[in-house]
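Contents: one structure, followed by commentary.
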2 protein chains.
Amino acid sequence: MDGFRYPQFCSLARAAEILGERWTLPLARELMVGPQRFTDLRRRLPGLSSSVLATRLARLERLGIVAREQLPPPAASTVYALTEAGRGLEPLLREAMRWGVRFLGPPQAGDHFEPDWIPLALRFLARTQATPARSFEVRIETGGSPLRVHVRGGRSGTKISEAGPPFDLAFSAPPLVVLGLASGALDGPATLHGDAVRFEGEPEAIRDFPALFDLSLPVP
Amino acid sequence: MDGFRYPQFCSLARAAEILGERWTLPLARELMVGPQRFTDLRRRLPGLSSSVLATRLARLERLGIVAREQLPPPAASTVYALTEAGRGLEPLLREAMRWGVRFLGPPQAGDHFEPDWIPLALRFLARTQATPARSFEVRIETGGSPLRVHVRGGRSGTKISEAGPPFDLAFSAPPLVVLGLASGALDGPATLHGDAVRFEGEPEAIRDFPALFDLSLPVP
DNA sequence: CGGAATCCTCTTCGATACTG
DNA sequence: CAGTATCGAAGAGGATTCCG
């Protein structure tokens, strides 16, 4: 009842027993964005049935990777959040996301997409070696209030933070355009001056933007 | 026929599709040790049937993660080796191994164990922050010829290499004793002077050995 | 909203046996 | 040695329904 067991004395096998179940990795990614309600998770993971979701959450809770929390009265509801052990998955998810980029390819019909995957991806795919000393405020248009991410290159790699600090260039674009700019799949200057994007600051800075990330997408 | 597909435009989902199948992660770990024959893999992964192994290898080969190679005439035989993309799994496996340590626990009856997992684990679990400037030659007793690993602490983290360079302390021990010493689960000085271990050099250096690794096992 | 319970289908696993 | 072929059993997945 507690999943498959690899008969091996190896910590990688233990990790694989937990994470190797279907949907567990995408589920962990969603929780990495922030605490979510059961219904949020169902919406964000189309194809995942409620019974399987309940099973996965129960197991992760039992293992101490996820914890339920009660939201304060106004919005009284249960949310699922990562525990310490769950947040410890970040390096693993980061490397999985990096490795998977080579298999990403262009979006397929029916593929789901969440705007707030972009801030997560920028965080996970930020270069850790020296990058150009440029700073950006990226505003991701979601339909609702834009997500804001501050991106700063530097000697010790790219740093991602909440919006706020000064910037060379701020630009506002739809999620997939941000991804295209970060990967270099879209031509920076042309896109910046196109209809879909608004910006303020130094437009030339956009040329350095892709260098801040480890993200090379096959051009669609 | 090509496995489950998560309907998501996300590189983590692509990685999960490939690595989420049963046995794939342990299989990748075995290939990370070095190229292996079909039969080697069956022996090293008890419980994995030949048909499933063949299926996994075929898929990984099709995806360009594993390649067959022919050994030169004397030992004419096929081996499976990681390609570039396969070797690119190292950071992911490293983080999975690190994360899984918290679930490792003591060996269970029936758990399989390969001596050469120890060099791999030392490599993957080496600390990346500053560690004590001590160097060790670790000789892992396998029953056959000992595996040798050179471990050196320093300002930029622990470095693992083939045996060779000078050392403060060299010691020879069975695999699980090496693991116990690295994790701190075994008392260094007592173990070193016990029956199971032979050493040369500065015995006091053993006290610094656990500090060179990110490995804290729950004491059995 | 947040699940638990059912039911049914479809994989997939693992064992075994067999072959070049 | 390096697989393929076959097969029965188990389990996972998905849809749906119902309930607090």
Side-chain angles (χ1 to χ4, degrees), chain A residues 1-8 13 16-27 30-31 34-62 66-81 110 112, chain B residues 1-8 13 16-27 30-31 34-62 66-81 110 112:
Chain A
M1 202 262 196
D2 214 17
F4 184 79
R5 189 156 189 289
Y6 294 109
Q8 306 171 359
E17 287 159 9
I18 296 169
L19 304 173
E21 283 187 313
R22 242 170 226 188
W23 290 106
T24 299
L25 247 11
L27 175 56
E30 292 310 309
L31 294 175
Q36 311 271 350
R37 290 175 302 179
F38 192 90
T39 319
D40 297 333
L41 293 169
R42 285 212 65 188
R43 188 188 53 75
R44 298 171 65 101
L45 297 167
L48 172 57
S49 71
S50 70
S51 55
V52 172
L53 176 55
T55 307
R56 294 289 175 275
L57 286 171
R59 180 154 132 95
L60 292 175
E61 192 180 353
R62 188 154 22 87
V66 163
R68 291 164 196 251
E69 293 173 5
Q70 297 299 329
L71 247 39
S77 179
T78 307
V79 293
Y80 294 87
H112 184 73
Chain B
M1 201 260 197
D2 213 18
F4 184 80
R5 186 156 191 289
Y6 294 109
Q8 306 171 359
E17 288 159 9
I18 297 169
L19 304 173
E21 283 186 314
R22 240 168 229 187
W23 290 106
T24 299
L25 247 12
L27 174 56
E30 291 311 308
L31 294 175
Q36 311 270 350
R37 291 175 301 179
F38 193 90
T39 319
D40 297 333
L41 293 169
R42 283 211 66 188
R43 188 187 53 76
R44 297 172 66 101
L45 297 168
L48 171 58
S49 72
S50 66
S51 56
V52 171
L53 176 55
T55 307
R56 295 290 175 274
L57 286 170
R59 178 153 133 96
L60 292 175
E61 190 180 357
R62 188 153 24 87
V66 162
R68 291 164 196 252
E69 292 173 6
Q70 298 298 330
L71 247 39
S77 179
T78 307
V79 292
Y80 293 88
H112 184 73

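Residue numbering restarts at 1 for every chain, and letters A, B, ... go by the order of the sequence lines. The figures here come from the full heavy-atom set of this structure, side chains too, leaving out hydrogens, waters and symmetry mates. Quantities reported herein were computed from a predicted structural model and do not represent experimental measurements.
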Separation of Leu25(B) CG from Ile18(B) CD1 (nearest 0.5 Å): 11.5 Å

Distance in angstrom units between Arg44(A) CZ and dG2(C) P, rounded: 14 Å

d(CG, Leu53(A); P, dA5(C)) in whole Å: 16 Å

Side chain to side chain contact (heavy atoms under 4.5 Å, CB included) assessment of Val79(A) paired with Asp40(A): CA-CA 9 Å; Val79(A) 293; Asp40(A) 297 333; 5.7 Å; no

d(CG, Leu27(B); P, dC13(C)) in whole Å: 13 Å

Touch class at under 4.0 angstrom, heavy-atom based, for Arg56(A) against every strand present: sugar-phosphate

Touch class at under 4.0 angstrom, heavy-atom based, for Thr55(A) against every strand present: nothing

Side-chain heavy atoms of Leu31(A) within contact of Gln36(A), under 4.5 Å: yes

Expected output: side-chain Arg56(A) to main-chain Arg22(A) donor-acceptor under 3.5 Å: yes

Donor-acceptor contact present, side-chain Glu17(A) to main-chain Tyr6(A), <3.5 Å: yes

Between C1' of dG14(C) and CD of Glu21(B), the distance in whole Å: 15 Å

Whole-Å distance separating the CD atom of Glu69(A) from the P atom of dC1(C): 20 Å

Minimum-distance nucleotide to Tyr80(A) side chain [options: dG3(D), dG2(C), dG13(D)]: dG2(C)

Nearest to side-chain heavy atoms of Phe38(B), which nucleotide of dG14(D), dG2(C), dG3(D): dG3(D)

Whole-Å gap separating P (dG2(C)) and CG (Asp40(A)): 7 Å

Length of the line joining Trp23(B):CH2 and dA15(C):P, which is rounded to integer Å: 9 Å

Given dA2(D), dG3(C), dA17(C), the nucleotide with the shortest approach to the side chain of Ser50(B): dA17(C)

5′-ward residue of the pair Arg22(A)/Arg68(A) relative to DNA chain C: Arg68(A)

Spacing of Leu57(A) atom CG relative to dA4(C) atom P, expressed in whole Å: 10 Å

Touch class at under 4.0 angstrom, heavy-atom based, for Thr39(A) against every strand present: sugar-phosphate

Residue Arg37(A), side-chain atoms from C-beta onward, closest of dG14(C), dA2(D), dG2(C): dG2(C)

Below 4.0 Å: OP1/OP2 of dG13(D) and any side-chain N or O of Ser51(A): no

